[in-house]
Each structure stands twice: as C-alpha cells, then as structure tokens.
Enquirer: 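Once you've had a glance at the structure underneath, I'll fire off some questions.
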Amino acid sequence: MSGLQPVRGTHDLLPDDMRRHRHVIETARRAALCFGYQEVATPIFEFTEVFKRTLGDTSDVVTKEMYTFTDKGGETVTLRPENTASVARALISGGLNQHLPLKYFYAGPMFRYERPQKGRLRQFHQTGVELLGVREPGGDVEVIAAGVEFLRRLGAWDRCVLELNTLGDTASRQAYRQVLVAYLNDHRGRLSKDSLERLEKNPLRVLDSKDESDQKIVANAPLSSEYLTPEARDFFAAVRDGLETLGISYQINQRLVRGLDYYSHTCFEITCAELGAQKTVLAGGRYDGLVAMMGGPETPGVGWASGVERCAMLLGETPPAPRPVAIVPMGANAERKAAAIAADLRRQDFVVDLGFSGNMGKRMKRANKIAAVAAIILGDEELARGEAALKLLDSGEQKNVRLGDLAAALAPYR
RNA sequence: GCGGGUGUAGCUCAAUUGGUUAGAGCGCCAGAUUGUGAUUCUGGAGGUUGCGGGAUCGUGCCCCGUCACUCGCCCCA
C-alpha cells in the first residue's frame, strides 16, 4: 500500500463509484425538474458569518465541524457545511425576493470536520431543493412529495420510512420549550451527561437521546403537540392531509427534532434502516425565519437535503458505462482511415474507442476489455473493396459492411 | 471529541501456540496465436506484512506509539 493517502474523510470517485454518484444526482435533478425546480449553484465557500449566524452558535456544525480559514485578503471564510444558508444568502444578494416564489434544486460537495464513518465523510455531497416565498402548507407537501418521488425513482422508497413532526411556530416552540425544560430539570439527577449538556444548549435534542435512562424520562415528558397554537395545529393538519391525498405514507415522530436552529413548523426525515447509524438519506423542513435572520426581507422557506453517498449505497446494480465501438486498424494506411471513420462516427454521437498502438490481437483484447459492442476491423483487403469487417463481440458474428453503411449497421447498438 | 475492532500482492483471503526463502484464487503482463477478442493452456511480474519504536537468539504474529479504515457514541445527509 502506498504512503500517499487522501485527506481523512475524503474519497476519490473512480468510474464505477462515479456512475453511481452521477445516477443519484441525475435522478434527483430530474425528479426536482418535474416539480418545476431549477438547478442553481452557489459557491462552495462563503463568509463564515453566513453559516455562523444561521445555524445557531451552539450547534455542533458551527462549534466543531466547520472548515474555516483566513484567506490572503484577511477574510474569514468557511467551506459550506450545508447549502440552505447559501441559497438564502444568494436570495438576498441578488434581490431575488422580487421573483418569489422560487423553486431551486442544487447538487454539490459539502464539508464538515467530523469523525468519518460509513455514510459520513468530511467531504460529502448533497442534492436538495428549496422552495422560497411560499407560506402555505401546500409548499411543505410539494417539497416532501419531490423528495419521495426522487427516492421512488431511485428504487429506494419502498425500503424507506418517512417520519414527520412539527416544531410549531415561534409561540408554540417557546411555550413547549419552557415546559420541557422545567420537566427535564425535575429529573436532572437521572439524565445522562450528554443530555445535561443538551438541556443547556438545545433541550429538544434530549427527546432524541439513545441513552436508556434518558428514554425512560422522555417517555413521560410533555408532548410538543399539546403546546401548539391553533394556527400551528391547523398548519400541520393541512400538511398531513396533503400527504394523505397524495398517498404518501408517513409516521408521526414527536421526538423528531432538527439540529439546525432555523427550522420551524414541519420537519421530516426519511431513513433507511439498512444503512446503520447514518441511516438518514433525506431530511428537511420549514425555515420561515431564516432569510430575515440573515438581514433579508421576511421570506418563508421549506426544503430538504439528501446525502448522495448514502443514496448511492442504496443502489443495487452499478449503472453500466456506455459500450463503445472499437476500431481495429491494421497497418499505417488503415490507421489513417480509422481516424477518419472514428471522427465521423463520433460526430454522430457513437462512443468510439481507437487504440494508440498494438497489433490486431492486442487491439481485439482491448476491445473486449472495455466491453465494446462491436469491432470495426480495417485491413488492406477490406479497404481495397471500400469495406470494413464488422464483428459483433457478444455473438462473434462477423460480416463485411461498406464504409458508408457503418453508421447504419451500428445504429441498433448505439 | 469519546469507546471497541481491523490493517499481509491491484482485489478477496491463507500462513501450525513466535521458528528457514510470506502463499493461493482472481486480476495484471507475456507466450501458444504476425488477420480475430471473450474460452483454454503455459510462463512471468508484483510484498519494507500501514508506518515508527521496543522486548526476543529469532516476529506477519508479542508490547508501545502513530496513521488509516471500520462499528458504536456525539452529531448529522
């Protein structure tokens, strides 16, 4: 093994991996496009403030996971740990609130300084959608439906579970938070060390604890659903109703909370148990306060992000590479002719492999190795007749074809 | 950031409780085959046993450190 290794938590995507990766992104893009979402790309780094202000000063993402550095101009910038804050920033920078509602799709790398595990990398990739400027619960429903459609096309939806919860509006959230903190404080003595810390930073997170003792306490904790304002309750009912109309099945999980500060109302998470500890493949929610929090105009938003690497693990077969046509010339004369034939076929969008050296045997071996559908064999005898030998490599069948008819003869195998 | 497990050829794995020159399959290269791949046969290349230190007459195997991967925690996509 070589001493040269990639940076911890980063990976090379060699062709097989890359095709899986590409397939996931293309599937997400096409699904999102069907809902009218258009692709955008924001820079992979932003001024650190963009993430610091929006994610919450106590979130792990901000406190320990950001790749932050000072550039040569003395600016403090951060590699994006997620894309929603960037999109919100772009909306403000570009004055895009003139054009609401906006429906955006994105795909690209994200960076978090974490301890790597399966399905958790330091450079990973996400696809996602953001719907900006829509206050109605129908927006939440559409966004979730787009995520479900994506996973359905991927062939993964029937192995996934959609969990749904509401955090309520600000008033609901504050009321519940107060009650929960009071309850948890009464049981301080039996809370785990981690949860004592959560109690300070993000009390809702205690609901999510995997610690057994915590779970016993949480089991009797007051429920957030009992502290919703009538408006928040109606909103959530409308979202649920919308999903049911579409036949999208879900489970209510009252302990489902989001790590990032900007969420309100609907939050959801789609998991696939076969992935182990990092089983969330797609998650999101509503973030009505985000744009305003960043200093922009009050703009509601809802969206999700999905992990490309995690989705790629759910794929069965690796999507095949396109099968080329190999050209096998013999002799200098044929070689020149081969270049012209290759150029002509490529102009017609055939995938053509023309080797750089080797005798016929070598070139045929290479044709086989790259899984060519056919070999166009060019020898002086054939060329003298204005023909080539066309050999189909799956069947071994071989026939002579006039040079002008090659494209037509190959059309069925394109 | 915390705890457990694992590192032997490009890949998957062997290597008697510490004992000569670390093996196999697959893959790769070459030849059989100077106008035919895939199949078959023959041959070949490829290793600082992750790296560094220590104990031992002697280590792939024991001890310490380190790096990477992996499982879980934290957190998250």
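The structure presented is a predicted model; accordingly, all values stated were derived computationally and were not measured. The sequence lines fix the lettering, A, B, ..., with proteins before strands; numbering per chain opens at 1. FYI, side chains are in, hydrogens and waters are out, and symmetry mates aren't considered; it's all heavy atoms of this structure.
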Enquirer: Could you tell me how far B:rG46 sits from B:rG23 if I compare only their P atoms? Round to whole Å.
Expert: 14 Å
Enquirer: Indicate for each nucleotide in nucleotides 35-44 of chain B, in 5' to 3' sequence, whether protein heavy atoms under 4.0 Å reach the base (B), only the sugar-phosphate (S), or nothing (-).
Expert: BBBS------
Enquirer: In Watson-Crick or G-U wobble terms, both distances under 3.5 Å, what is the partner of B:rC11?
Expert: B:rG25
Enquirer: Scan the side chains in residues 405-414 of chain A for donor-acceptor partners under 3.5 Å anywhere in the protein, sequence neighbours excluded, and list what turns up.
Expert:
{"residue": "A:Arg414", "atom": "NH1", "partner": "A:Gln348", "partner atom": "O", "Å": "2.4"}

Enquirer: Which part of the nucleic acid does A:Gly128 contact within heavy-atom distance under 4.0 Å: base, sugar-phosphate only, or nothing?
Expert: nothing
Enquirer: Please state the C1' separation for the pair B:rG58 and B:rU20 - nearest whole angstrom.
Expert: 11 Å
Enquirer: Would you mind classifying the nucleic acid contact of A:Arg115 as base, sugar-phosphate or nothing, using non-hydrogen atoms under 4.0 angstrom?
Expert: base
Enquirer: Identify whether any heavy atom of A:Leu275 sits under 4.0 Å from a base atom; if not, whether one sits that close to sugar-phosphate; answer base, sugar-phosphate or nothing.
Expert: nothing
Enquirer: State whether the distance check finds a donor on one side and an acceptor on the other, under 3.5 Å, for side chain A:Arg205 versus base B:rC76.
Expert: no
Enquirer: Which listed nucleotide (B:rC75, B:rA77, B:rA30) is nearest to the side chain of A:Lys362?
Expert: B:rA30
Enquirer: Nearest-Å distance, CD (A:Glu114) to P (B:rC2)?
Expert: 15 Å
Enquirer: Applying a 3.5 Å limit to both distances, which nucleotide forms a Watson-Crick or G-U wobble pair with B:rC69?
Expert: B:rG5
